[in-house]
Structure formats: structure tokens, C-alpha cells
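Each remark here refers to the structure printed beneath this line.
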Amino acid sequence: MAPFDESLLSATFRLAGPALAPDLMARLREEAMALMAGREPLPDYLVDTALATGDAELIWALAGCPPTAERLPALLRLAALGYTALGPRLYRGYGDRQELRAAVLEGAERNLDDPDWHEPDGLVEFLLNADGVEELLPALRAPFPAVVRHALKTVGHKVDASEQLAACRAVLAHGGVAELAGLAGLYTLRPAVAELVRRAAAAPDPAAVLESASVTEDDGTAAVDGPTPSEPAPGAPAAPSGTELVQQLRELTWTREGFPLDGVDWDLVLAEHRREPLPDGALLTLAAHRGCPDEIVLAAYRKSPRHLPATSPLPWQLLAEPDWSDSYSRFDLSRLLRRGIREGAYPVERVLREIRPARVVLGSLPYEETPVREELSGLVAGLGADWAAWRALYSLMPRFTGTGTELFAAAREQTAKHRGKTWPRPLTPEYPVSEPDGARAVFLRLYDLAAEDVRLALAEHLDLRSIQHLLVHYQPSAALRDRFVALHGVSVLAGIASSWELPEQTIAELLLHDDPEINAKLYIHTPLSAEQRRQILAGRRSRPAGGEAPLPLTEELFAELRNSGRRHWLLPALEAGNPRLARILLGKIKLHTPAGQLLLLVRLWERHGAQEVRALLDETEFPERRSKKHPLPAATHKIVRSALEAADGLAELRERLARARSPESRAEYLRTAAAGRRDQVTAALERLSEETGPDLPWKELTAEHHRDPLPDALLVELAKRDDLPEELRPDCQVAEVRLEHREHPHRLTGPRPTALDLLRQYQLPAYVYGHQEWLNLAMSYGQLTLSDILREARPARVAAAYLAHRDQEAREEEAEQLRRVRREIVDLVATHLGEDPEAWTVAMRLMPEFTGTLPELLATTAAVIS
């Protein structure tokens, strides 16, 4: 038997109404159970019927349904009954259950004497073993003191003082003064709440103390105002102390916010830690306090350096103690220096004078901070414009074990050893460029701090990799940039063209130099537009004053194009008129349109004459092409060879090119392409856009469609474009409805059925029930109505499920259709089933296997019971 759709079951029971509900639920018990356990809306009278019968299985099934917005009212009714057996089933589970969980606990108050709450599988035992925040937050107001205490201890630190106070009131109400007094020792309680608990426990009327208290929040610290008892509890501290403090710290295995530390005996904490080290959570919790001793802060840092609280003290030992030569610790040093220098805890001069090794310290300093720049600028000034001193600094840095101040002093001392020497182990630019690292990164940061005249004087000594890093990652002055160009030629700026994220403005500025090396790097390593790629491959200059001869292409660019398979890299060669590029292009990719093929040959003829065109046609080998067949089709060969023999062959070839690029030819190309599979149409549109331009000849396509309708596949693809003419849109929608039908053969010729024809001819797929994408599509385009589906769709169960889903979604734009189809359904049901439960039962039993329409099903049912 085919399964029932939940929405169909819901719609059927709602349609039957309250009078038939008891009989139908008894006769269709399996279906009723499935409906109760599902997520579809339940009328109140169905819930009333289930509760009135006392049917435990039906109620149990209902309690297990998901807490959706439609089902929540029914679940809240169950929770209010206070059934112990249903408590855990309603409480646990996924989804938004906070309101339902609160209702379960409120219902439990009505039946607290039932011992089943405390059974091994009961609600209390479940909550005492829970540790999830979502499960325990509602339990802060549970009528079970042990549960509230467990919730406060586990998640109490996550709620404010008012929620903690409400939990304390719940414990007092259901557990008495003794249970309330036991809460004061919980370290998760805010200090003011714990103080109030002590006062209440010592007062003659504890409830009055708790009920009259008011709570305010100030920067996360609770302040509780209330009446002062006549005899306040003596010596009530604001924070735990002594054995209580030690016990709570030993239990802190992870960091706790809001842990009361004001007034803590730090000598006791230190002594306890020295006796037996505190756990990591306790150390980090203590370290967050500004009064924490340095020894505790150091211990917390050693345990978890990357989790040291942002509010901790910053003792000097944090810098002086670790061995920063370990590469894994450099990130930690950078974090400490950034915070310490910003807060004034670590003077930059002392850091440079005492912390080692120099290369790590200099690489970890926050150079954007003013004290760092000022201190380092003074040290850099001591090197002057003497390249030997700067070279000594760079050479010493990788192995130097001393401090930063000592490194600068050593560099000045060893100047003579580096006199007359060039950059050690120079490197060329890299593509794509990376961030400088190691000694080179530190050197460039220091170089950037030098005075302008010093930078200009040192420019001639830098290797090309350093110049590239300066151009890309720093902002050298115009004078320094001009100095680099004067030293190495304008091609040195090619190092900038080394990132796929290069801004458009920078690309445009680099193109203005009309330098082949720069153009090559731009082509290979940056996101050029299609027009910019055509410009580079054609050798067109950005500045006409630079000359009329086209710019040459570098061998590197030829090699990259030959090794590339990217169409957007290779297609710009169509207009280049370059013999080598033409062969690379034809060897790597196929030209699909006559316009693209003829454009390649016309440009080649214009730039290099007829002989190059003839040679290309006679060519037998192309790079990367295995086939011996020429990549240009025979029809193109025939056209071009005829032009080669003509008196004015170039003019004739240009005329054929203009004809191939005409709107009529492009429209015919698309019609021909649509004779294949649907994906071939998509490819044809892409190729046409690549080889002739992105704009489509809409006027000609529309006229062609009116003369002879375009294939459905082409119409559907055209509809995806924003510039589709509105007069074509209705026909495109009809075509899409045909193509999306899973049974309709996608024939390119022959009959073109309407959506209603397809609905009548083919059965709807049963496995998706109400989620019928094809029906939704046809409905959205106005090709079908809900009445069509009611009367014509097969099988009946799928049509009914779809109508039920559609009725639930209740789209505003089809409100009138919904009203009309509801009336039709009511009339059909009244005619064939009436209020006979036996008729309804027979219809429901027939429906899973019935292959006809809904009206046919109802007529068959009437015939069976007559």
C-alpha cells in the first residue's frame, strides 16, 4: 500500500469535521496515529477526541510530534496535564522547546506528589543527568530543588542576577530554608545574589526577603536591593574564602566569567597553588583579575598562552621568561607586545634592550603604534645612508641571538666587513607575490622607517624581490618609485602586476607604460577585462604618442598562452592578427562560429598579408593538437581560398565576415544549435557571445520566432537573459513547462502539447506528493489552475496531497482560486460521501492504489457503498 501524505491526512480529517472525527479515528486508526505523530496542523476537536477517549497510544504519539508552530498549542495542552509518563518525552528532543519545557515544569507542580517523577526514567533523573544549556535554562524554575541546584551549578553563570534570584525563589518554595541556604556556596551565583540568599536564610520570613528584592545589572555585576533583616547574618563575605574558595577553585576546570574575586585572599591562593598546581580553568579565571599575583599570571600563560584573558596583568616576566627563538611562539609574542605596548605595560626601549632574539622581536612589534615607530626611527637613523651598515644588519639578523639594540650596535661595528658588497643572495620577483618574511620582512619595515633621502640613497642596492615587495606591500613615494624606474627601467614595475586582486585603477595605470614586460605580467597574473586582453595581444598602445608600431609580445606570454587551456585567455587572439597566436589559438580551442573563424583570418590578412593566411590554411601541425585534420572547417577553407584567388580578396573576405556577423546569421546559428541537446544550446549561446559579442539580435530572433517558432530549448535559455523582449516571455514560459515535464519527450518537431494536455496524458509522480515542482511551475506561469488539478490530475492521492499543501501555503495571489476549488471539493464530497463514515473509510482505503482522478475516486467510492 502506498503511504499517505501527512497533509492529505490532515486535510481529510479537517474536511470530515468534528461529527465524523470519533468514528474516523476508530476506523482509520493507523492513519490517525500517523497524523498525531506528524507535523501537520491538528484541529482542536481532533485533540479533544484523543484526550476524551483516553487512548494512551494516540496520546503518546501526539506527545512525540515535533514542536512546530502548528503543533505547539496541542503539546502545551498535554504538558499542562502533568502526566509523569509524558514529561521526559515532551521535554527532551530537538527544535525550539523552551516554551514547552517551561509548560512541562508548570504542569509538574499540579502533580508533585506522584513518585514517578523521580523514577530512573522520570523527568527529575533526566534533568539531573543533563548538561545542555537549552535543557537546563528552563529548569532554573523547576519545582524540584535538586534539579534547580544542578541547573544553577551548571548554567547559572550564563544568566543574569534576576534569573538566579528566580531560581532561588523556586528552591525556597519547593524545598524550604535548608535547601535555600545550600545555594549560597555555589560559585556560579553572583556575589549580591549569594549575599541575599544568606540574608534570607537567616531571616524570620525568607520568602519576604526574596520576594521584595529588586535586581539591577551594572557592567555585569549584580546589585540586589531589599529590606535589611533586623539581625543580618554576621560576617557575610562578598566572595568565597578559605576552604570554600579552595574547593571552588579546584572545581574550575574551565574559565568561568563572573567568578567573585573581590576581597580574595591572594596569599592563600598562592600557597594553595604552590602546594598543588590549580587547574587550567582556575588559573585563567584568576588571571583575568587585575589584582592577580604575577606568579599566577605566569602559570596561566604557561598552561595556555593563547587564552590569557585580555584583562590580566602583564608582568615583565611574560616577555623575559620564554625562549622566543621557537617559531611556534612568535605569534604569542606578537599578541603580548601589541597589547603591552598599547597599554603602556611594556616600554619599547626596554623591549629592544632586554628581549631576544632581535629578529623575532623586530618581526613581532606593532609598527603601526607611534612609540614603536619613534624608537625604531632613532635606531635606524644611527645607520645613516651607509649601505654597508644596512647590509651588516641584514646579514647578522638571521643568526643573531642578542637583543634589538645589540643588533644595531653590532651592525655599526661590522660596517667595514660589508663595504663594497652587493645584496646577499639576491632574488628576482615572484609571481604571484607573497608577503615578505624573516629577515627580509624586518629589513623592509626598518627601511620604510628611514628618512626619504636615506631610502633614495639605498635604492640602488636593493635586489629586485625587495623592490617588488616595496612596490606591492608598501606605499613608496613618487620619488622613490621614479628612482627604481631610473635604476632598472620601467619594466621593474612589472613586479606590481602579480596579484589576482590587483585593483582596476592600478591595472589601468600600468597599461599606460606601454611596456611589453609589464603587459605580459598583467596578462598572466591579474584580472584583466576582455578588452584589455585584446589590446595587449593586438599590441595596441595606450598612449598613441608612443609610436604607430604595435608593441611586441614577450616569449613568456607566448609560452603561457601555449600552455593554457583558458578560453578567455586565448580568444582575444582572434583580433590580434599575429601568425603565432593564430596557430596557438587553433591548436588549443575550437572556433564554433563562422564569424569567429573569418575574423581570425581577416585580421591576419590585414596585419601580415595574404601569404600568411595561405600559410595558415596550408598548415598541417598546430601546438597541442593531435588530429591531423585542420581546425578550420572545410566551408571556411572554401570561402577563404576563393578570396585568395580574387582580385580584391581582402574586401571580399570582409564582406563575408560582415554577413556572418549579421543578426540574421546569428539567429540562424542559434536555431541550428538548438537542434541538439539542451546543454548544447547553452554552449552555443556562450560561444556566440565569446566570438561575436554579448548582445543578441532580439529583433531578428523575434521575427524568426513569429515566422517559425524557435525550439523550446532555445526559448528556455533565452528567457534567462535580462534583456529578453517581453513579447517572447509567454512563449518561453510555455516552452519551459513542456521541457520540465519528466514524461514528455523533448521532441524538436511535431506537436507541442499544452500544460493541460500533459496533465491529462501523464500521471503525476507519486514519490514527491505535495512537492510537485512541475505543477508549481505551470501554476506560477498561469498554465494550470487548481480546478484543473482537482478535475484532471492523476493519481487521486497525489492530486489531493498537492491541493492540501497548496491550501496550507495560501498564496495571496491565488486566493480566489483557492476559494473556488474549496467549494468544488465540498460539493464533490457532499455528492459522493456525505456524512457516512463508512463512505469516508472506503475512500481512504481505495485512495493509495487508485490511479484515476479525484472525482473518479469519489464516484467509485459511491458505487462501492451503494
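With respect to E163 and K158, no salt bridge is recorded, no charged nitrogen being found less than 4.0 Å from a carboxylate O. A salt bridge does not link E135 to R97: none of the charged side-chain nitrogens sits closer than 4.0 Å to a carboxylate oxygen. The existence of a salt bridge linking R39 and E70 is excluded, since no basic side-chain nitrogen approaches an acidic carboxylate oxygen closer than 4.0 Å. Ion pairing of R302 with E321 is present here, as a side-chain N (NZ or NE/NH1/NH2) and a carboxylate O approach within less than 4.0 Å.
Relative to the ring axis of F126, R92 places its NZ or CZ within 45° and under 6.0 Å from the centre. Both the sub-6.0 Å distance and the 45° axial angle are not jointly satisfied by R845 relative to the ring of W840.
For H174 (side chain) and P145 (main-chain N/O), no donor-acceptor pair under 3.5 Å exists by modelled atom type. The backbone N or O of G82 lies less than 3.5 Å from a partner atom in the side chain of N111, making a donor-acceptor pair. Although no hydrogens or angles enter the test, the distance criterion places no donor-acceptor pair under 3.5 Å between the side chain of T154 and the main chain of A151. Remark: the backbone N or O of T311 is paired with a side-chain donor or acceptor of R290 at under 3.5 angstrom. No donor-acceptor pair closer than 3.5 Å links the side chain of E31 to the backbone N or O of M25. Although no hydrogens or angles enter the test, the distance criterion places no donor-acceptor pair under 3.5 Å between the side chain of R110 and the main chain of L81.
M36 has its side chain out of reach of W60: every pair of non-hydrogen atoms, C-beta onward, lies at least 4.5 Å apart. Here the side chains of D294 and W316 are not in contact, with every heavy-atom distance at 4.5 Å or above. Considering only heavy atoms from C-beta on, E276 comes within 4.5 Å of R250 through its side chain. Annotation: side chain of Y91 is in contact with side chain of L127 (closest heavy-atom distance under 4.5 Å). A heavy-atom distance below 4.5 Å is found between the side chains of W324 and I355. P66 is not listed as a side-chain neighbour of R71, based on a closest heavy-atom distance of 4.5 Å or more. With a 4.5 Å cut-off on side-chain heavy atoms, R190 and E195 do not count as touching. For the pair H150/N129, no side-chain contact is recorded, criterion being any heavy-atom separation below 4.5 Å from C-beta on.
The two residues Q164 and T188 have their closest heavy-atom pair at NE2-O, 3.0 Å. Closest non-hydrogen pair, P313 versus A287, comes out as CD-O, 3.4 Å. Looking at every heavy atom in both residues, V148 comes nearest to A142 through CG2-O, 3.3 Å. The two residues L180 and C168 have their closest heavy-atom pair at CD1-O, 3.7 Å. Considering every non-hydrogen atom in both A300 and L284, the closest pair reads CB-CD2, 4.0 Å. Closest approach of L365 and V351 over heavy atoms only: CD2-CG1, 4.4 Å.
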For this session: With side chain to side chain contact (heavy atoms under 4.5 Å, CB included) as the test, would you mind laying out the steps for L286 and V297 before giving the verdict?
Result: CA-CA 8 Å; L286 294 169; V297 176; over 6 Å; no
Exercise. Y346 and R350: side chain to side chain contact (heavy atoms under 4.5 Å, CB included), yes or no, with the steps?
Worked result: CA-CA 7 Å; Y346 299 149; R350 187 180 178 189; over 6 Å; no
For this session: Decide yes or no on side chain to side chain contact (heavy atoms under 4.5 Å, CB included) for E179 and L172, but give the supporting numbers first.
Result: CA-CA 7 Å; E179 292 285 355; L172 177 63; over 6 Å; no
For this session: Take D55 and R29 through the salt bridge (Lys or Arg N to Asp or Glu O under 4.0 Å) test and state the conclusion after the steps.
Result: CA-CA 11 Å; D55 190 321; R29 182 170 178 76; 2.5 Å; yes
Problem set entry | CA sep, side-chain torsions, deciding dist, call: L252, L249, side chain to side chain contact (heavy atoms under 4.5 Å, CB included) | CA-CA 5 Å; L252 284 177; L249 288 175; 4.0 Å; yes
Exercise. Between E369 and R338, is a salt bridge (Lys or Arg N to Asp or Glu O under 4.0 Å) present by the stated rule, with each step listed?
Worked result: CA-CA 8 Å; E369 299 293 335; R338 186 174 303 279; 5.5 Å; no
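Inspection of the R339 and S312 side chains reveals an N or O donor paired with an N or O acceptor under 3.5 Å. Checked by atom type, the side-chain pair Y802/N776 shows a donor-acceptor distance below 3.5 Å. Side-chain atoms of Q98 and R101 include a donor-acceptor pair closer than 3.5 Å.
In the displayed structure, Y83 atom OH is contacted under 6.0 Å by at most 12 heavy atoms of other residues, nucleotides or ligands. Residue H307 places its NE2 atom among 12 or fewer non-hydrogen atoms of other residues, nucleotides or ligands, all under 6.0 Å distant. Counting non-hydrogen atoms of other residues, nucleotides and ligands closer than 6.0 Å to CD of Q317 gives a total above 12.
Note that the OG1 atom of T12 and the CE atom of M847 stand 5.5 Å from one another [nearest 0.5 Å]. Rounded to the nearest 0.5 angstrom, D116 CG and L123 CG are separated by 11.5 Å. With rounding to the nearest 0.5 angstrom, the CD1 atom of I341 is 11.0 Å from the CG atom of L314. Atom CG of D265 is separated from atom CD of E272 by 11.5 Å, given to the nearest 0.5 angstrom. Interatomic distance, L189 CG to R198 CZ, rounded to the nearest 0.5 Å: 8.5 Å. A distance of 4.0 Å separates CG of L333 from OG of S364, quoted to the nearest 0.5 Å.
Taking the six-membered ring for Trp, H289 and W266 have ring centres closer than 6.0 Å.
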